[in-house]
Undergrad: 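Provided herewith is a single structure, encoded as structure tokens, for subsequent inquiry.
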Number of protein chains: 2
Amino acid sequence: MPPPSLAVMTAVTRETSLGIRQVSEETRLSIDTLRWYEREGLLPLVERSADGRRRYPPGALRFIRLVQALRRTGMPVADVRRFVTLGGGELAHHPERMALLEQQCAQIEQRMVELRDDLAVVQATIAQFRELIARGVDCEDELPDDLLAPIFADPRLRGVVPGLPA
Amino acid sequence: MPPPSLAVMTAVTRETSLGIRQVSEETRLSIDTLRWYEREGLLPLVERSADGRRRYPPGALRFIRLVQALRRTGMPVADVRRFVTLGGGELAHHPERMALLEQQCAQIEQRMVELRDDLAVVQATIAQFRELIARGVDCEDELPDDLLAPIFADPRLRGVVPGLPA
DNA sequence: CTAGGAGCTGGAGTGCACTCCAGCGCAAGG
DNA sequence: CCTTGCGCTGGAGTGCACTCCAGCTCCTAG
């Protein structure tokens, strides 16, 4: 992969800006996604070289990382667009901008709690299976139904379990 | 909402099992989703009352919560199905079952790290905007471009920013 | 001069996970 | 007896976020 002859690029462009492939590798967003985000108005900072190819100045790269953070944490594309189109630092849009970002923070925190809880559920299940197998291996027959029941689909167990805690 | 005459239900059914609506409220899964999960083989524990309506024994409820944890943490429906169809506690399936669950744990932990990082990005952005506005309000003109640039789409700023840290 | 490779555009296609709907049955209340 | 309400089924439809593609241009290497 020889470096594409940079002869034509301007001095500024040469060292600081990245091609779409590099950005793709850098951010792990696919090339198609980068183009699509741009079309959809999530990436306004993209420039073009003389022959019409995209050039991403470093500011764009950082901006993309923000967009990525918003997307990965569950902000819908429409909201990211809204945020982006609120533009530079204009005072007028400050409240809405802040609202969007703070809302997102709240959601992330909520999500983290949920994730912790869900992790606990999965880990508890793993523990139960370990115990089950430990016992099952020790005494092949007569499995502890009450341990199995809440977890599994064994038809023998249907409707056997007593009331659940909450 | 008068309690539906329970006259017909069996003694076992009466107190312990739930109707689809109750499960829906309990789990926050929509009624349609519950039915769909069942069709798709994610919920094998569901029974029927005499007139063909679904009855969820408590074991099913707990099971649903596990499925929910797996789904919410990003396990694809296909994998949940695979996990579910591995069946009761049979030794034969133990390795695959554990593999699925442990893989999922790993993914959750990864996701939590990512989430923390993304939260940091969003919070940093909020902080930068606060600072920007604080200054902007103090001295209306001549905004601090170097602070704005990495964040925003102001056309005046294109290609201005120097090299990025990483 | 030619061939290969990267990128471009506009638009169509895909995958996933639901979500909605028509048309039906049952059961209770008035 | 009729209506109202809940639930059932099978199948079609939806929303979101990409992902893929044909047909093009430009540039560089051989």
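So that the names make sense, note that chain A is the first sequence line, chain B the second, and so on, each numbered from 1.
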Undergrad: Which value, rounded to the nearest 0.5 Å, describes the distance between A:Gln22 atom CD and A:Leu61 atom CG?
TA: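 That separation rounds to 10.0 Å.
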
Undergrad: For nucleotides 1-4 of chain D, which of its nitrogen or oxygen atoms have a protein nitrogen or oxygen under 3.5 Å away, and what is each distance?
TA:
none

Undergrad: Mark yes or no for whether B:Gln68, through its side chain, and B:Thr27, through its backbone, hold a donor-acceptor pair below 3.5 Å.
TA: yes

Undergrad: So, is B:Tyr37 near the phosphate of C:dC18, with a side-chain N or O under 4.0 Å from OP1 or OP2?
TA: yes

Undergrad: With sequence neighbours left out, write down each residue that passes side chain to side chain contact (heavy atoms under 4.5 Å, CB included) with B:Glu102, or none if nothing qualifies.
TA: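 Listed in chain order: A:Ile126, A:Arg130, B:Met98.
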
Undergrad: Without decimals, in angstroms, what is the distance between A:Trp36 CH2 and C:dG11 C1'?
TA: 14 Å

Undergrad: By nearest nucleotide on DNA chain D, pick out whichever of B:Arg39 and B:Ile31 is the more 5' one.
TA: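 Going by which nucleotide is closer to the 5' end, it is B:Ile31.
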
Undergrad: Whole angstroms only, please: what is the CG-C1' distance between B:Leu34 and D:dG7?
TA: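 Spelled out: CG on B:Leu34 to C1' on D:dG7 is 13 Å.
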
Undergrad: Give a yes or no on whether a salt bridge exists between B:Glu40 and B:Arg81, defined as a side-chain N under 4.0 angstrom from a carboxylate O.
TA: yes

Undergrad: A:Arg71 near the nucleic acid: base, sugar-phosphate alone, or nothing, with a heavy-atom cut-off under 4.0 Å?
TA: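 Result for A:Arg71 = sugar-phosphate.
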
Undergrad: Need one value for A:Asp51: base, sugar-phosphate or nothing, where a base atom within 4.0 Å counts as base even if backbone is also close, heavy atoms only.
TA: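 Touches sugar-phosphate only.
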
Undergrad: If I take atom CG in residue A:Leu29 and atom C1' in nucleotide D:dT19, what distance separates them, rounded to the nearest angstrom?
TA: 13 Å

Undergrad: State whether B:Arg48 places a side-chain N or O below 4.0 Å from either non-bridging phosphate oxygen (OP1 or OP2) of D:dT9.
TA: yes

Undergrad: Just how far, in rounded Å, is P of D:dC8 from CD of B:Glu38?
TA: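 After rounding, the reported distance stands at 8 Å.
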
Undergrad: Would you call B:Glu38 and B:Arg35 a salt bridge, using N to O less than 4.0 angstrom?
TA: no

Undergrad: Could you check A:Arg53 against A:Arg35 and say which one's nearest nucleotide on DNA chain D is further toward the 5' end?
TA: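 Closer to the 5' end of DNA chain D: A:Arg35.
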
Undergrad: CD of A:Glu40 versus C1' of D:dA17: gap in Å, rounded?
TA: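 So the CD-C1' distance, A:Glu40 to D:dA17, works out to 9 Å.
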
Undergrad: Would you mind reading off the distance between A:Leu42 atom CG and D:dC16 atom P, rounded to a whole angstrom?
TA: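 Between P of D:dC16 and CG of A:Leu42: 14 Å.
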
Undergrad: Quick one: is B:Thr33 getting a side-chain N or O under 4.0 Å of the C:dA17 phosphate, OP1 or OP2?
TA: no

Undergrad: Give the minimum heavy-atom separation between B:Phe63 and B:Pro44, together with the two atoms involved.
TA: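 B:Phe63 and B:Pro44 have their closest heavy atoms at CE2-CD, 3.8 Å.
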
Undergrad: Could you tell me the separation between the CG atom of A:Leu70 and the C1' atom of D:dA17, rounded to a whole number of Å?
TA: 16 Å

Undergrad: Hey, does the side chain of A:Arg54 come within less than 4.0 Å of C:dG7's phosphate (OP1/OP2), counting only N and O?
TA: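 The answer is no; no side-chain N or O of A:Arg54 sits under 4.0 Å from OP1 or OP2.
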
Undergrad: If I take atom CG in residue B:Asp32 and atom P in nucleotide D:dG10, what distance separates them, rounded to the nearest angstrom?
TA: 14 Å

Undergrad: Name all residues meeting the salt bridge (charged side-chain N to carboxylate O under 4.0 Å, His left out) criterion together with B:Arg116; count only those two or more places apart in sequence or in a different chain, and write none if there are none.
TA: none

